[in-house]
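Quick one: the structure is below, and I'll ask about it shortly.
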Amino acid sequence: MVRTRFAPSPTGYLHIGGVRTALFNWLFARKHGGQFILRIDDTDQQRNVQAALEPILHGFKWLGLDWDEGPEVGGDYGPYYQSQRSDRYQAAVDQLLASGHAYRDYAKPDEVQAEREAADKEKRSFVYSRTWMAESDAQAAEFESQGRQAVVRLKMPREGCLELHDLVRGNVRFEWANEQDHVIQRADGSFIYHLATVVDDHDFQISHVIRAEEHLSNTPRQVFIAQSLGYSLPEFAHVPFVAEPGSKTKLSKRKLDKYLKNRDFAKLNDLGTHIANQIGMTISAETFNPVIVDFYEQIGFLPDAIVNYLLLLGWSLDDKTEYFSRSAMIDSFSLERINKAPASFDPQKLLAFQQHYMQEVPVKQKAKLVLSFLQQAGLVSSPPSCDVGPKLTAIVQAAGDRLTVAGDILDLASEFFVADQDFAYDEKAFQKRLVDDNPAVALLREFREELAAAESFDASDLERMLKAFVEQKGIKIGQIIHALRVAITGKSVGFGMFETLSILGKPSVLARIDRTLSKVA
RNA sequence: GCCCCCUUCGUCUAGUGGCCCAGGACGUCGGAUUCUCAGUCCGAAAACAGGGGUUCGACUCCCCUAGGGGGUACCA
């Protein structure tokens, strides 16, 4: 039975690199009909674990990565919160102590530190002298009488080596002599991650530990713990981390300033803040940026786009397949095809996937996506009045592929939702197309009358009308259409002209032209 | 310092000794379409880190160097 896990710590946000690792775990479990488990790494967290966990669970749900055991769903192997598993960890430590695989160490931190520095000075690798190792209760009592406190350390082998087969890396070899007597329980009784994770993985019967590459070097000590406890070993697969844009350094949420210097990253970030501002979100770079999954939900990305992009960040099926449905990715996923080198996060490619998936969304559904942005921006009331539905459909239809992210609707179509007297003019466009000696102004005046007399405001009828008008005048369509666009939308760019006229409708179009004409005069 | 891992176009990648004077995708540049902007279509430039081996033959195997990254905590 395949059982995989992802262990988020409740930090209040879901990191994009973490999701990628989680995705691989999820995919592998689903592919083999196994379970995907969420375990909460809250050992060093204070209160508010639930509050800090909520956005993370929300992110998983939004992306469609469901878990079989863990918070909210429970399971037979719980508890799934590390903070509730201390008795298990204590039992493991006791067992290790009893079997001689660990010992109480009464060294003071600075004493160990001194040894470390001495080794450093002599250019040899540090190995703890075990000077304050208590081998008997009597010795322990003596150290304690000196006012010393104990930590529990692993009594690591000092010769031989460990050979491991990693499902991504292949065979890896470690010399035991290079390993320290790592601490597994602190002086205050709390437990170190490595101990906890080994115990949990065993208790949860995890079959495959799929985690970030940074844990590769930590694996020997974990193997030592597991073997000393008599556990059978899970398979390991160390996947490369997601790197910074244009770099090989691990992507982190703390180096935002640096990433913002990357053009593409900055562009994505700007898109986000632009939309956030329009919908009145109060944001800070701490909680709202492209490293955090929530960012994408807030500005109207599609989960499928993100998941597909992340899938290909370090994994590929072959030399041509780019788009994967959920079931296709589950079918074709394998650990063996995960790349060994870190892959850097490319905002442009993410956007390209988003564009592709957005193009596939049916108009009805796009209208729904877009509606919430218009409501948040205060352009449409909630609940919307009943004429909004058809109008929205027409707008989304007219927007076509211009809509990449749902939040784009605000730039694309806000003029359709403001009063005729209130839409704003792009002054540059106005100057270019509508200063009073521009011949387009007279044409506009004339065409206004034709529009007023029009019986139909269907896009196709309007197109026929303008073409006839243009032909009759002996001019090119460009000589009036740009002026018309500015006159009714205030902007120099937009949807197809005839769709725009049609969506606005006759009364609005006439009112807007009149308003513009009076501004020209 | 020591240990471990990694290294194909700007980026994501295909490539498991001859199919590769290296294929695809994003991006870039050029062109076409057009009422603008998108989109779409066509085309171009663009990479095997370097050096030694092994082999009839190396992007593919081995060694070295360089570069990058991770670990080395009473962090996870």
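By convention in this document, chain letters (A, B, ...) are assigned in the order of the sequence lines, proteins followed by strands, and residues within each chain are numbered from 1.
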Base, sugar-phosphate, or nothing: which does A/H238 touch, judged by heavy atoms less than 4.0 Å apart?
nothing

For A/F423 together with A/F416, are the ring centres under 6.0 Å from each other?
no

If you look at every strand shown and take non-hydrogen atoms under 4.0 Å, does A/R263 touch a base, only sugar-phosphate, or nothing?
nothing

Is a donor from one side chain sitting under 3.5 angstrom from an acceptor on the other, for A/S9 and A/T11?
no

Tell me whether the side-chain N/O atoms of A/R39 come closer than 4.0 Å to OP1 or OP2 in B/rA76.
no

Watson-Crick or G-U wobble mate for B/rC2, both contacts under 3.5 Å
B/rG71

When both hydrogen-bonding distances must be under 3.5 Å and the geometry is Watson-Crick or G-U wobble, what is B/rU7 paired with, if anything?
B/rA66

Nucleotide paired to B/rA44 in any strand shown, Watson-Crick or G-U, under 3.5 Å:
B/rU28

C1' atoms of B/rU60 and B/rC19, separation to the nearest Å
14 Å

Enumerate the protein-to-nucleotides 22-28 of chain B contacts in which both atoms are nitrogen or oxygen and the separation is below 3.5 Å.
unit_1, atom_1, unit_2, atom_2, d
B/rA25, O2', A/E322, OE1, 2.8
B/rA25, N3, A/K349, NZ, 2.9
B/rG27, O3', A/Q348, OE1, 3.3

Which of the following nucleotides, B/rC12, B/rG70, B/rU36, is nearest to the side chain of A/L313?
B/rC12

Can you tell me, in whole Å, how much space there is between the C1' of B/rA45 and that of B/rU55?
35 Å

Does a side-chain N-to-carboxylate-O contact under 4.0 Å join A/R39 and A/D200?
yes

Identity of whatever pairs with B/rG39 - Watson-Crick or G-U, under 3.5 angstrom
B/rU33

Could you tell me whether A/F241 contacts a base, only the sugar-phosphate backbone, or nothing, with contacts defined as non-hydrogen atoms closer than 4.0 Å?
sugar-phosphate

Any ion pair linking A/R464 and A/D461 (charged N to carboxylate O, less than 4.0 Å)?
yes

Which nucleotide in the set B/rC74, B/rC4, B/rG70 lies at the smallest distance from any side-chain heavy atom of A/F174?
B/rC4

From the list A/K250, A/E214, A/R169, side chain to side chain contact (heavy atoms under 4.5 Å, CB included) partner of A/P240 resolves to A/R169

Could you give the distance separating B/rC20 and B/rG1 at their C1' atoms, to the nearest angstrom?
43 Å

Looking across every strand, which nucleic acid part, if any, lies under 4.0 Å from A/H182 by heavy atom: base, sugar-phosphate, or nothing?
nothing

What is the distance, to the nearest angstrom, from the CZ atom on A/R186 to the P atom on B/rA76?
5 Å

Does a side-chain N or O from A/R485 land closer than 4.0 Å to OP1 or OP2 of B/rC37, or not?
no

Do any side-chain nitrogens or oxygens of A/S316 fall under 4.0 Å of OP1 or OP2 in B/rA14?
yes

Hey, does the side chain of A/R433 come within less than 4.0 Å of B/rU36's phosphate (OP1/OP2), counting only N and O?
no

With a non-hydrogen cut-off below 4.0 angstrom, is A/G494 in contact with a base, only sugar-phosphate, or nothing?
base

Need one value for A/V151: base, sugar-phosphate or nothing, where a base atom within 4.0 Å counts as base even if backbone is also close, heavy atoms only.
base

Between protein and nucleic acid, restricted to nucleotides 61-64 of chain B and to nitrogen or oxygen atoms under 3.5 Å apart, what atom pairs and distances do you find?
none

Mind listing the N/O atom pairs, protein and nucleotides 5-8 of chain B, below 3.5 Å?
unit_1, atom_1, unit_2, atom_2, d
B/rC5, O2', A/R169, NH1, 2.4

I'd like to know if A/R158 pairs up with A/D181 as an ion pair, taking the criterion as any Lys NZ or Arg NE/NH1/NH2 lying under 4.0 Å from an Asp or Glu carboxylate oxygen.
yes

What I want to check is whether the side chains of A/Y106 and A/Q149 have a donor and an acceptor closer together than 3.5 Å.
no

Under 3.5 Å, sequence neighbours excluded: what are the donor-acceptor pairs made by side chains of residues 396-410 of chain A?
unit_1, atom_1, unit_2, atom_2, d
A/R402, NE, A/A399, O, 3.2
A/R402, NH1, A/G494, O, 3.3
A/R402, NH2, A/A398, O, 3.4
A/D408, OD2, A/T404, N, 3.1
A/D408, OD2, A/V405, N, 3.0

At under 4.0 Å between heavy atoms, what does A/Q359 touch on the DNA or RNA strands: base, sugar-phosphate, or nothing?
sugar-phosphate

Which heavy-atom pair separates A/L167 from A/A237 by the least distance, and what is that distance?
CB-CB, 4.0 Å

Under 3.5 Å, is there a donor-acceptor pair between the A/Q359 and A/Q355 side chains?
no

Under-3.5 Å donor-acceptor pair between A/S217 side chain and B/rG70 base:
yes

So A/R337, base contact, sugar-phosphate only, or nothing? Heavy-atom distance under 4.0 Å.
sugar-phosphate

Can you tell me, in whole Å, how much space there is between the P of B/rG24 and that of B/rA66?
36 Å

When rounded to the nearest Å, what value does the distance between C1' atoms of B/rG43 and B/rU7 take?
32 Å

Please give the distance between the C1' atoms of B/rA58 and B/rG15 as a whole number of Å.
13 Å

Compare side-chain N and O positions of A/S344 against OP1 and OP2 of B/rC12 and report whether any pair is under 4.0 Å apart.
yes

Using a heavy-atom cut-off of under 4.0 Å over every strand shown, decide if A/G496 touches base, sugar-phosphate, or nothing.
base

Select base, sugar-phosphate, or nothing to describe what A/I192 touches, counting heavy atoms under 4.0 Å on all strands.
sugar-phosphate

Whole angstroms only, please: what is the NE2-P distance between A/H215 and B/rG70?
13 Å

I'd like the P distance from B/rC6 over to B/rC42, given in whole Å.
39 Å

Would you mind checking if A/R148 and A/E144 are paired as a salt bridge, meaning a charged N to carboxylate O distance below 4.0 Å?
no

B/rU60: pairing nucleotide in any strand, Watson-Crick or G-U under 3.5 angstrom
none

Measure across A/F469 and A/E450 and return the closest heavy-atom pair with its distance rounded to 0.1 Å.
CD1-OE2, 3.5 Å

Quick check on the 6.0 Å ring-centre criterion: do A/F241 and A/H215 meet it?
no

Under 3.5 Å for both donor-acceptor distances, Watson-Crick or wobble: does B/rU54 have a partner, and if so which one?
none

Separation between the P atoms of B/rU16 and B/rC61, rounded to whole Å:
11 Å

Between P on B/rU36 and NZ on A/K428, what's the gap in Å once rounded to a whole number?
18 Å

A/A424 meets the side chain to side chain contact (heavy atoms under 4.5 Å, CB included) criterion, sequence neighbours left out, with none

Rounded to whole angstrom units, what separation is found between the CG atom of A/D411 and the P atom of B/rA38?
14 Å

Separation of A/I481 atom CD1 from B/rU36 atom P, in whole Å?
8 Å

Atom NZ of A/K476 to atom P of B/rU34: distance rounded to whole Å?
12 Å

Provide the full list of side chain to side chain donor-acceptor pair (under 3.5 Å) pairs with a residue in residues 469-486 of chain A, sequence neighbours left out, each pair given once.
A/E446-A/K473

Over all atoms of both residues, closest heavy-atom pair of A/M358 and A/G300:
CE-O, 4.1 Å

Using whole Å, report how far CZ of A/R153 lies from C1' of B/rC74.
8 Å

